[in-house]
Amino acid sequence: RKEVEQDPGPFNVPEGATVAFNCTYSNSASQSFFWYRQDCRKEPKLLMSVYSSGNEDGRFTAQLNRASQYISLLIRDSKLSDSATYLCVVNFNPNFGNEKLTFGTGTRLTIIP
Amino acid sequence: DVKVTQSSRYLVKRTGEKVFLECVQDMDHENMFWYRQDPGLGLRLIYFSYDVKMKEKGDIPEGYSVSREKKERFSLILESASTNQTSMYLCASSQLSRTGANVLTFGAGSRLTVL
């Protein structure tokens, strides 16, 4: 089983729709979680951190479910500019200086006019 | 904004050549990383560094070495390039989030083709 697993998509969604995707992780001791966004032929950029209580940033909502070991990203009122690949990142840090950041392979999202 | 600059966007090298990929960050970050990104495999960590002259192996260090002589500069070296090292190479520098995890800022990437 992969350490961090995402549905690669592609998700083709009409503009204005709501879309959600999940990411599962295998290490129950994982401590921190993030969503990064990567545009075509560009570098990944931090979209948002994922906190235990869930968090929202404008049209984006991130949730963490520790019991089932997954995180989710919800995008409301999707825009054409949301088209990108969304990378799930999980952090495991058993002790200082031994941090392990693991990236998922990404979920590709295309918003259709 | 943190800026991470990679010296070369595109390189084409021949098998057996020595390759240097340079990365510079301008925000005085302690931590720097080198990843490679391949279709279907995602980002994989090659090496990282938490301080000057300090380096740690990542998940796939074989065939690579690194150098961190100055805080702002982290270089990736392919001693003898091979075709399976054709990839997108991404440098990153980081600051800690409120949960204590590294939040990465990436450079634009260096696409290396080894013939």
Side-chain angles (χ1 to χ4, degrees), chain A residues 2-10 23-25 27 29-55 57 62 64 66 71 84-108, chain B residues 1-10 21 23 25 27 29-51 54-61 87-111:
Chain A
K2 288 183 181 178
E3 291 184 73
V4 177
E5 205 147 4
Q6 297 182 250
D7 182 341
C23 163
T24 58
Y25 60 93
N27 187 342
S30 297
Q31 296 154 314
S32 305
F33 309 87
F34 306 89
W35 285 103
Y36 280 71
R37 170 199 169 120
Q38 186 171 24
D39 293 307
C40 188
R41 301 185 190 283
K42 300 278 190 178
E43 73 275 20
K45 293 184 179 178
L46 179 68
L47 177 65
M48 58 199 302
S49 301
V50 186
Y51 302 126
S52 297
S53 54
N55 48 302
D57 183 2
L64 166 64
R66 284 193 183 274
I71 65 172
T85 296
Y86 291 84
L87 304 174
C88 169
V89 182
V90 175
N91 166 272
F92 172 57
N93 190 3
N95 48 64
F96 181 76
N98 193 27
E99 181 176 15
K100 182 175 172 60
L101 275 173
T102 303
F103 283 77
T105 53
T107 296
R108 187 172 169 189
Chain B
D1 279 353
V2 176
K3 192 168 181 183
V4 179
T5 304
Q6 294 183 230
S7 55
S8 305
R9 288 299 307 274
Y10 300 95
L21 299 179
C23 176
Q25 52 97 1
M27 283 297 290
H29 283 174
E30 302 289 338
N31 310 325
M32 297 189 73
F33 305 80
W34 274 105
Y35 288 86
R36 63 177 283 177
Q37 186 174 28
D38 300 287
L41 296 176
L43 276 83
R44 292 179 292 166
L45 181 63
I46 304 171
Y47 267 97
F48 62 99
S49 170
Y50 284 132
D51 202 351
M54 179 271 183
K55 60 185 178 184
E56 292 285 344
K57 292 180 180 180
D59 297 321
I60 51 163
S87 186
M88 170 67 83
Y89 290 88
L90 290 160
C91 175
S93 111
S94 77
Q95 59 190 26
L96 295 180
S97 72
R98 75 177 207 195
T99 56
N102 279 293
V103 174
L104 302 177
T105 299
F106 286 90
S110 299
R111 184 166 291 281

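First the proteins, then the strands, lettered A, B, ... as listed; each starts at 1.
- Atom CG of L101(A) is separated from atom CZ of F48(B) by 9.5 Å, given to the nearest 0.5 angstrom.
- Annotation: side chain of P44(A) is in contact with side chain of L90(B) (closest heavy-atom distance under 4.5 Å).
- Of the two parts of Q6(A), neither the backbone nor the side chain holds a non-hydrogen atom closer than 4.5 Å to a non-hydrogen atom of chain B.
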Could you walk me through whether Y36(A) and L43(B) pass the side-chain contact (heavy atoms from CB on, under 4.5 Å) check?
CA-CA 12 Å; Y36(A) 280 71; L43(B) 276 83; over 6 Å; no
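- Residues R41(A) and R9(B) approach most closely at O-NH2, 4.1 Å, considering heavy atoms.
- Note that the CZ atom of R44(B) and the OG1 atom of T105(A) stand 12.0 Å from one another [nearest 0.5 Å].
- Residue R37(A) qualifies as enclosed at atom CZ: its count of foreign heavy atoms under 6.0 Å is above 12.
- To the nearest 0.5 Å, atoms CG (L45(B)) and OG1 (T102(A)) are separated by 9.0 Å.
- Every ring-ring contact (aromatic ring centres under 6.0 Å, His included) that Y86(A) has, sequence neighbours left out, goes to F21(A).
- Side-chain contact between L104(B) and F103(A): present, with at least one pair of heavy atoms (C-beta onward) separated by less than 4.5 Å.
- Proximity to chain A (any heavy atom under 4.5 Å) is shown, for D38(B), by neither the backbone nor the side chain.
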